[in-house]
Amino acid sequence: MGFADRRFNVNLSILFTELPLLERPAAAAAAGFTAVELWWPWTGSPTPERSELDALRTAIQDAGVRLTGLNFYAGRLPGPDRGALSVPGEESERFRANVDVAADLAQSLGCTALNALYGNRVDGVDPAEQDALALENLVLAARAADRIGAVLLIEALNRPESPLYPLVSAPAAVGVVDKVDAATGLGNARFLMDLYHLARNGEDLPSVIDRYAGRTGHVQIADDPGRGAPGTGSLPLEDLLDRLREAGYEGRVGLEYKPGDRPSAEAFDWLPRDHTPVH
């Protein structure tokens, strides 16, 4: 099967970032993609002006692409933050203020996957207190996702690049998925399986796939080392995606890699020549 048998979508928060935000959906369309995903684009504001929300919505619609994934507010990302929902005080409140804003934007664009980054550990705060706050906020997020017919994604990151982030293994992230589902009874929490992060953690990727494919709501890829395009590192990404398909995963695969020192439009030469990047 390999890369030709995949439905890829492009992450506009790491690819095409040489362009202004509102020009990226059209650039993705010009590169052959029909689906895109985004981190929360307004890092300084969980509740941007309606005009900003409308402008992004229009840019996506006019480009003829579908938004298939959106992060909730996650603090300064890219930057030192890794989410806000477990951080007591102002950041937690900003996350809560964002929940319905993000869900409404997602609903207006037919997006059915919302990613909630857990947040870093905070010096001087009991981890148990952070985990209790996180569950409370994730329940709110899961209910908002359910309201629009979406799933709530919980992502594992990697310890070398995110040493203060507590979910740095597939079992840790899936454990939170289980807690959210138990608390809500909705069953709409899912694991976001980012193969790059899991590889950086040294996890056995075939074993992770076999164990958790059925719990996975979305997959993201980048090669390792370097977080570049497939073929720039040593991960057997074609084989891993084949294994995911064999394990029952039929969803999209998000391209969340750095283009390197070339324009993003040139960073898809790893795809088969006769293959349209997204079906």
Check: residues 13-26 side-chain donor-acceptor pairs under 3.5 Å, at least two apart:
{"residue": "S13", "atom": "OG", "partner": "W39", "partner atom": "N", "Å": "2.9"}
{"residue": "E18", "atom": "OE1", "partner": "S264", "partner atom": "OG", "Å": "3.0"}
{"residue": "E18", "atom": "OE2", "partner": "S264", "partner atom": "N", "Å": "2.9"}
{"residue": "E18", "atom": "OE2", "partner": "S264", "partner atom": "OG", "Å": "3.3"}
{"residue": "R24", "atom": "NE", "partner": "F16", "partner atom": "O", "Å": "3.3"}
{"residue": "R24", "atom": "NE", "partner": "L19", "partner atom": "O", "Å": "2.9"}
{"residue": "R24", "atom": "NH1", "partner": "L12", "partner atom": "O", "Å": "2.8"}
{"residue": "R24", "atom": "NH2", "partner": "L19", "partner atom": "O", "Å": "3.3"}

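Annotation: side chain of D181 is in contact with side chain of V177 (closest heavy-atom distance under 4.5 Å). Using a 4.5 Å heavy-atom threshold, the side chains of R190 and L152 count as separate. I60 is listed as a side-chain neighbour of V65, based on a closest heavy-atom distance under 4.5 Å.
A salt bridge (Lys or Arg N to Asp or Glu O under 4.0 Å) check over residues 44-53, counting only residues at least two apart or in different chains, returns nothing. A salt bridge (Lys or Arg N to Asp or Glu O under 4.0 Å) check over residues 35-44, counting only residues at least two apart or in different chains, returns nothing. Within the structure, every pair that satisfies the salt bridge (Lys or Arg N to Asp or Glu O under 4.0 Å) test and touches residues 84-97, not counting sequence neighbours, is listed here: E90-R94, E91-R94, R96-E136. Applying the salt bridge (Lys or Arg N to Asp or Glu O under 4.0 Å) definition to pairs two or more places apart or across chains, those involving residues 104-119 are D104-R147.
For R121, the salt bridge (charged side-chain N to carboxylate O under 4.0 Å, His left out) partners at least two apart in sequence or on another chain are D131. Annotation: salt bridge (charged side-chain N to carboxylate O under 4.0 Å, His left out) contacts of D269 (sequence neighbours excluded): R262. Residues passing the salt bridge (charged side-chain N to carboxylate O under 4.0 Å, His left out) test with D204, sequence neighbours excluded: none. Contacts of D54 classified as salt bridge (charged side-chain N to carboxylate O under 4.0 Å, His left out), with partners at least two apart in sequence or in another chain: R57. For P225, the side-chain contact (heavy atoms from CB on, under 4.5 Å) criterion is met by S234, not counting sequence neighbours. Contacts of D223 classified as side-chain contact (heavy atoms from CB on, under 4.5 Å), with partners at least two apart in sequence or in another chain: T232, L235, L237.
A side-chain contact (heavy atoms from CB on, under 4.5 Å) with L117 holds for exactly one of F95, Y165, W40; it is Y165.
Proximity of a side-chain donor or acceptor of D81 to a complementary backbone N or O of N120 within less than 3.5 Å is not detected. The backbone N or O of R66 sits nowhere less than 3.5 Å from a side-chain atom of Q61 that would complete a donor-acceptor pair. Between the T43 side chain and the L77 main chain, no donor and acceptor come within less than 3.5 Å of each other.
How far CG of L167 is from CD of E155: 9.5 Å, rounded to the nearest 0.5 Å.
In summary, the side chains of R252 and T68 do not present any donor paired with an acceptor at a separation below 3.5 Å, with no hydrogens or angles considered. Side-chain contact annotation: N201 with N158, donor-acceptor N/O pair under 3.5 Å absent.
L164 shares a hydrophobic cluster with no other residue; no ILVMFWY side chain has heavy atoms under 4.5 Å from its own.
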